[in-house]
Amino acid sequence: MEKKGWFDWYFKTNLLMRIFIGLVLGAVVGISLASVGGDTAVKVNGWIAPFGTAFIRLLQMIIVPTILFTLIIGTASISPNRLGKVGVKTLLYYAVTSVFAVIIGLIFAMVTKPGVGINLITENTAAKEAVKTTASSIILNVSPTNMFDAMNRGSVLQIIFFALLIGLALAFLREAKDERINKAAATVFTFFEGMVEIIFIIVRWVMQYAPIGVFALLVNVFALNGSKVVGPLIGVTVILYIALAVQLIFVYGGFLAVNKLNVFTFIKKARDPMLTAFVTRSSGGTLPISLRTAENMGISRGVYSFSLPLGSTINMDGTTIYEAICVMFIANAIGAPLDLGQMIMVVLTAVLAAIGTAGVPGAGAIMLLLVLESVGLKVEAGSAVAAAYAMILGIDALLDMGRTCMNVTGDVTGALVVAKSENEFDRAKYDAFDGTNA
Ligand code: ASP
């Protein structure tokens, strides 16, 4: 007979479900405390709050190693040998669609102003002092003068820059003719790959604690702010989904139209990977389905076998849009709306953070921490930023479904567009395919 552990009820319940329960319970307890008020409420809140603080500290702990290792591996995985015409076109398509994505996200957030007026109250308002930046200082500061100092300060853009350089250099060395160098590069690559796996496990452990952390953080948010924060959360979800739809219809639709393909017909044919991504919330997990669909769509193997696996790790337009909207939501919610310099910073870091986002459920929420840090909104225990971040985390599953769906759709569109431009596309096969993967 299987041994029953004390916490089976906890660990055997689906994680998403637990986080959601944490969110709801946190809201209920918080609102009750707000209505009771007085000393008791302060006392109870003071007792629960450290559980939230612990969660935030665990998240902070994994930010720097996550960026460093995932970006190195992400970049080093692109073989310079394959960077022929197909590679360059694919990367160009990724870059263009990502920039559109972040701009769409920012414009939507600027127009709809999610989170404005909540004025989240916390005990510690220090985090409101967001760093003011200028465009030229951002560009100059991209290069760290001392990498270890950059890591020490948690300077996100500088770490990203350094990681990209290491990744790129590693990608070249892996193809080196000299056997000694080649071997050394392979070892380093394996090492970083191992580190990525280690970080993933730690993230998974931290996420096991997330339901409790989210509960504690939300008790605090609701105890201090009452129920006025529910509407804005629904708002941010709706805004994200509309922005994702705009990316699909206009950006991907535009690329398809240039290639004389209709976006709605495309959606019908790509529905399997789109739906799989929506329910699994994992680009990586959806890859086998995307590959199959690409084959049945008449895209040549030479194109999709390169671009789909690459896209599932580095091309994340849905995540980019999500980062842009959520950063604006959090900045607005704490009453420190972003200025122009900070928005430029978001464009840079959201695109790069998406490259470093693993194609697994919830990865984008960890990367959101890094985009926040880059504009001076540090998720620190007890800060308003942490409270606003916890609100987003509470509904992250819902947001993740939409963004993952768009991440995968962007990959399949990219494979199709590049294949078409390279005459590696069988139009008759595409027309005959009805979306049912045999
Ligand atoms: N879940 C997303 C994906 O697999 C990544 C993210 O969390 O943004 O594409």
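None of the values given here were measured: they were computed from a predicted structure. First listed ligand is number 1; within each ligand, the first listed atom is number 1.
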K.L.:
Could you tell me if the ring centre of F51 sits under 6.0 Å from that of F215?
P.N.:
no

K.L.:
Give the ring-plane orientation class for F255 versus Y93, where under 30° counts as parallel, over 60° as perpendicular and anything between as tilted.
P.N.:
perpendicular

K.L.:
Between ligand 1 and the protein, which N/O pairs fall short of 3.5 Å?
P.N.:
from     : atom 1 : to   : atom 2 : distance (Å)
ligand 1 : 1 (N)  : R281 : O      : 2.9
ligand 1 : 1 (N)  : V360 : O      : 3.0
ligand 1 : 1 (N)  : D400 : OD1    : 2.8
ligand 1 : 1 (N)  : T404 : OG1    : 3.0
ligand 1 : 4 (O)  : S283 : N      : 2.8
ligand 1 : 4 (O)  : S283 : OG     : 3.3
ligand 1 : 4 (O)  : G359 : O      : 3.3
ligand 1 : 4 (O)  : V360 : N      : 3.3
ligand 1 : 7 (O)  : A363 : N      : 3.1
ligand 1 : 7 (O)  : G364 : N      : 2.6
ligand 1 : 7 (O)  : D400 : OD1    : 3.4
ligand 1 : 7 (O)  : R403 : NE     : 3.4
ligand 1 : 7 (O)  : R403 : NH2    : 2.9
ligand 1 : 8 (O)  : T319 : OG1    : 2.7
ligand 1 : 8 (O)  : G364 : N      : 3.4
ligand 1 : 8 (O)  : R403 : NE     : 2.7
ligand 1 : 9 (O)  : S283 : OG     : 2.4
ligand 1 : 9 (O)  : N407 : ND2    : 2.8

K.L.:
Strictly by modelled atom types, are N407 and T319 linked by a side-chain donor-acceptor pair under 3.5 Å?
P.N.:
yes

K.L.:
Classify the ring geometry of Y241 against F278: parallel below 30°, tilted from 30° to 60°, perpendicular beyond 60°.
P.N.:
perpendicular

K.L.:
Can you tell me how far apart CZ (F189) and CG (L170) are? Round to the nearest 0.5 Å.
P.N.:
7.0 Å

K.L.:
Quick check: are there more than 12 heavy atoms from other residues, nucleotides or ligands sitting under 6.0 Å from CZ of R57?
P.N.:
no

